[in-house]
Amino acid sequence: MLWQRKHILGLENLSKEEISHILQTAKPMKEVLLRPLKKLPTLRGKSVMHLFYEASTRTRTSFETAGKILGADTASIAVAQSSVSKGESLLDTAKTIAAMKVDLVVIRHAASGAAAFLAEYLQAGIINAGDGQHEHPTQALLDMFTMQEEFGDLTGKKVVIIGDILHSRVARSNAWGLTKMGAEVTLVGPPTLLPPEMKALGVKMSHNLDGELEGADVVMALRLQLERQQSGLFPSLREYSRLYGISSQKLKKTGRKTIVLHPGPMNRGVEISSELADSPMAKIEEQVTNGVAVRMALIYLLAGGTSNVMA
Amino acid sequence: MLWLKNVQIVDPAQDLAAVRDILVKDARIFEISVTFQEEEVQAKAEGETLEVLDGEGRLLFPGLIDVHTHLREPGQEEKEDIASGAQAAVRGGFTSVLAMANTKPVIDQRALVEFVRAQGERAGLARVYPVAAVTKGMQGQELVEMMDLAAGGAVGFSDDGHGIQNAEVMRLALEYAKLSCLPIISHCEDDALAAKGVMHKGLVSARLGLKGIPSCAESVMVARDLMLAEETSGVLHLAHISCRQSVDLIRQAKKKGLNVTAEVNPHHLIFCDEDVQLTKTSLKVNPPLRTADDREALLEALLEGTIDMLATDHAPHTWEEKARPFAEAPFGINGLETSLAAVWHYLIAPGILSVKRLLEAWSLAPARRFGLAGGSLKPGQRADMVLFDPDRTLEIKIENLASKAQNTPFLHTKLQGCPVMTWVGGRLVANRE
Ligand SMILES: [Zn+2]
């Protein structure tokens with residue numbers, strides 16, 4: 001297909017064809033990544049700006065690595081979280097970036113819609129690297145890429161996503177993306193973290209993990225923000241872990257060869273047991289590698305690379 | 001003397017909706033008749049110069065009275081000031097406005113009430129009536145000197161902008177305000193339930209990943225205030241009602257005969273949460289736009305009288321403040337210049353709301369509830385009136401707005417129905433001709 005899109009703001013509005021195209025493009029990117037000499041001249045002369053309003057070494061490093069392998073010039077503006085309210089407005093930052101004539105901006109921001117906001121005010125292409133509780137499309141794409149590596153076609157595959165769904169941009173993007181790819185998604189969490197309005201995502205919801213594990217091909221544990229306990233959203237880590245934490249023992253209920261994903265960083269012993277995280281079922285390190293490949297694919301598609309990727 | 005001919009006068013106070021001639025003299029309505037003869041009018045003018053205006057195809061209303069505006073002066077004049085707000089008011093068809101007290105400083109002393117009144121008089125456009133705070137500094141703790149503030153010209157008391165969280169403070173306010181006979185205007189919002197949300201808690205907030213404000217954040221406090229009003233026999237006015245649950249509670253309270261009135265904002269009748277988008281901060285408002293079902297309940301309540309009044313909740317903010325990601329932009333919709341046209345366009349023109357009900361809700365009921373001049377065109381009344389053209393289209397453009405702010409969801413749209421001339425005390429203060 002001919003790639004038309006200028007921005008990746010979320011998966012809600014992407015078509016199945018577009019998602020497939022991104023995942024398809026990521027395959028040769030991963031091959032490049034596995035070569036001893038990882039460097040392509042594809043995006044020489046293109047500039048990518050990373051604008052991170054939330055501390056996230058993993059995601060930022062992943063994007064920077066992806067851009068550098070493709071030969072793009074990358075620069076970063078890291079804005080300390082504490083100074084956001086006092087610092088210049090996102091609009092002023094956008095104007096500064098516009099003046100620098102960058103080709104692509106990767107943004108991570110605590111406010112839902114921050115990426116769409118930049119897209120309205122900038123000429124550059126925008127990649128959403130996580131906006132508030134809204135979407136985290138590159139995470140969902142790398143998750144789907146990892147699943148495809150394991151299962152091929154995702155049609156009919158059963159994916160169980162567990163945890164703080166309400167506050168999770170990862171869950172939202174995965175729900176949109178996986179549904180489009182034909183997977184059967186079930187969201188699982190306590191009623192306070194999976195309230196009734198989450199049915200807006202159009203997937204199955206349950207508060208009972210044990211009842212949902214049978215037949216699961218993929219189990220994804222979300223990172224639990226420990227401060228949610230202070231807001232009264234769950235009574236204790238102990239009870240949370242007992243009800244919604246996953247372990248090899250619990251995963252026996254799936255009755256099949258299940259893979260385990262986690263967007264990281266993990267709270268070992270809370271949402272995932274240490275032994276499970278280190279077991280062969282867990283594809284958590286593979287996710288990190290695939291993250292670079294998927295981000296290479298996106299930067300390549302959006303920055304309009306000209307030469308052949310396979311070169 | 002002004003002789004306005006052949007105009008469709010709609011005035012619910014005298015049960016009038018017919019083509020008439022109307023004479024205005026010495027700042028007051030002088031006489032209304034099916035038609036006047038030239039010599040007759042000359043005689044009545046008693047030598048005053050006679051101005052004749054043909055109102056054919058137009059409607060004449062008692063000037064609209066808006067019981068909920070934020071004019072931002074003193075302290076936030078970059079958003080609006082009393083003069084620019086009053087200018088926006090008369091251009092929008094409003095001849096009187098109530099100015100809320102959440103300015104900087106808060107209007108909690110007599111000198112400040114007198115300042116707001118004086119600024120309104122200096123502007124000489126719409127009548128500006130100050131609402132004083134309920135508690136000192138709007139801290140929700142100690143009551144203001146209500147009697148002194150009333151003597152200085154306050155027409156009601158409100159900590160609008162926040163709900164009064166402490167039920168005992170609210171109870172005391174309703175009790176003490178009986179001395180002044182003025183209403184306590186309640187902004188019903190339980191802070192703990194609202195939990196720093198930014199839009200209605202529901203399917204749309206879940207989809208957009210925005211923190212939600214549940215309907216119960218309002219209805220719980222509506223229930224509390226109604227119970228307190230019942231117990232104290234206080235005078236209660238409920239600001240910006242936004243959800244079905246609140247409407248049901250008010251309906252029950254009115255059946256019991258409580259001294260309670262309620263208002264609804266036009267945006268809650270026109271939009272719902274499905275219209276909210278992450279980059280559309282002009283629809284970020286508090287209380288938030290709720291569901292289509294809530295909108296239906298509000299409309300029904302307005303039509304049947306459970307909701308007594310329309311009010312804009314005019315809340316101007318600068319362009320820069322609204323040019324932020326949704327969660328970071330301030331709450332508020334700029335309303336004075338667009339609301340009448342918008343209500344006409346969305347509710348009157350399609351036949352959902354009658355002109356008579358519109359004027360009861362936006363002129364007569366506000367005048368009665370807050371004891372203000374206006375609300376009617378009966379002979380002897382002060383000539384606060386609006387000439388309205390139902391066929392004329394109003395294009396909402398930045399350069400057309402008198403308000404200092406442009407945070408209206410109707411920007412760059414066209415609305416059918418437009419106030420063309422506005423008189424306050426017989427003086428022409430806005431003219432789009
Ligand atoms: Zn309010």
Side-chain angles (χ1 to χ4, degrees), chain A residues 7 9-13 53 84-85 87-95 107 109-121 126 128 130-136 164-173 175-176 187 192-203 205 231-233, chain B residues 78 190-217 243 272-284 288-294 317-331 406-407 409 411-412:
Chain A
H7 312 296
L9 304 178
L11 297 191
E12 186 184 354
N13 297 315
Y53 281 83
V84 171
S85 51
E88 72 173 3
S89 70
L90 188 57
L91 180 63
D92 283 336
T93 307
K95 286 177 181 165
I107 179 175
H109 197 283
S112 298
F117 176 90
L118 280 195
E120 279 209 349
Y121 289 97
I126 309 293
N128 181 4
D131 64 326
Q133 297 163 2
H134 177 230
E135 285 228 38
H136 193 352
D164 181 2
I165 309 291
L166 176 63
H167 301 99
S168 176
R169 53 192 173 208
V170 176
R172 280 179 181 75
S173 286
W176 297 126
L187 305 174
T192 43
L193 299 176
L194 181 58
E197 65 264 24
M198 291 309 298
K199 70 173 189 243
L201 300 182
V203 297
M205 307 195 327
S231 325
L233 288 161
Chain B
E78 74 284 1
D190 181 300
D191 287 350
L193 287 170
K196 299 198 166 66
V198 299
M199 73 170 293
H200 173 64
K201 180 178 188 284
L203 294 176
V204 182
S205 68
R207 185 168 60 79
L208 298 178
L210 290 173
K211 198 155 174 36
I213 304 172
S215 293
C216 62
C243 65
C272 68
D273 64 345
E274 291 159 39
D275 297 307
V276 173
Q277 296 164 20
L278 285 172
T279 50
K280 195 148 190 198
T281 56
S282 65
L283 288 179
K284 182 175 174 185
L289 301 171
R290 302 215 184 262
T291 65
D293 176 68
D294 290 304
H317 291 292
T318 65
W319 182 82
E320 290 81 6
E321 288 172 304
K322 280 288 196 179
R324 291 179 188 165
F326 199 92
E328 297 174 1
F331 291 105
Q406 297 97 33
N407 54 312
L411 198 61
H412 310 306

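Every chain is numbered from 1 and lettered A, B, ... according to where its sequence line falls, protein lines coming before strand lines.
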> Given Glu135(A) and Ser173(A), is the side chain to side chain donor-acceptor pair (under 3.5 Å) satisfied, shown in steps?
Replying inline: CA-CA 5 Å; Glu135(A) 285 228 38; Ser173(A) 286; 2.5 Å; yes
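Here the side chain of Lys284(B) pairs no donor or acceptor atom with the backbone of Pro330(B) at under 3.5 angstrom.
Note on His134(A), Met198(A), Arg169(A): by heavy-atom pairs under 4.5 Å with chain B, the leading option is His134(A). In terms of heavy-atom pairs under 4.5 angstrom with chain B, the leader among Gly113(A), Ser112(A), Ala94(A), Gly10(A) is Ser112(A). Between chain A and the residues Gly209(B), Pro325(B), Gly212(B), the largest count of heavy-atom pairs under 4.5 Å involves Gly209(B).
Partners of Glu120(A) according to the side-chain contact (heavy atoms from CB on, under 4.5 Å) rule, which considers only residues two or more places apart in sequence or in another chain, are Thr279(B).
Taking the six-membered ring where the residue is Trp, Tyr53(A) and His109(A) present tilted rings, their angle falling between 30° and 60°.
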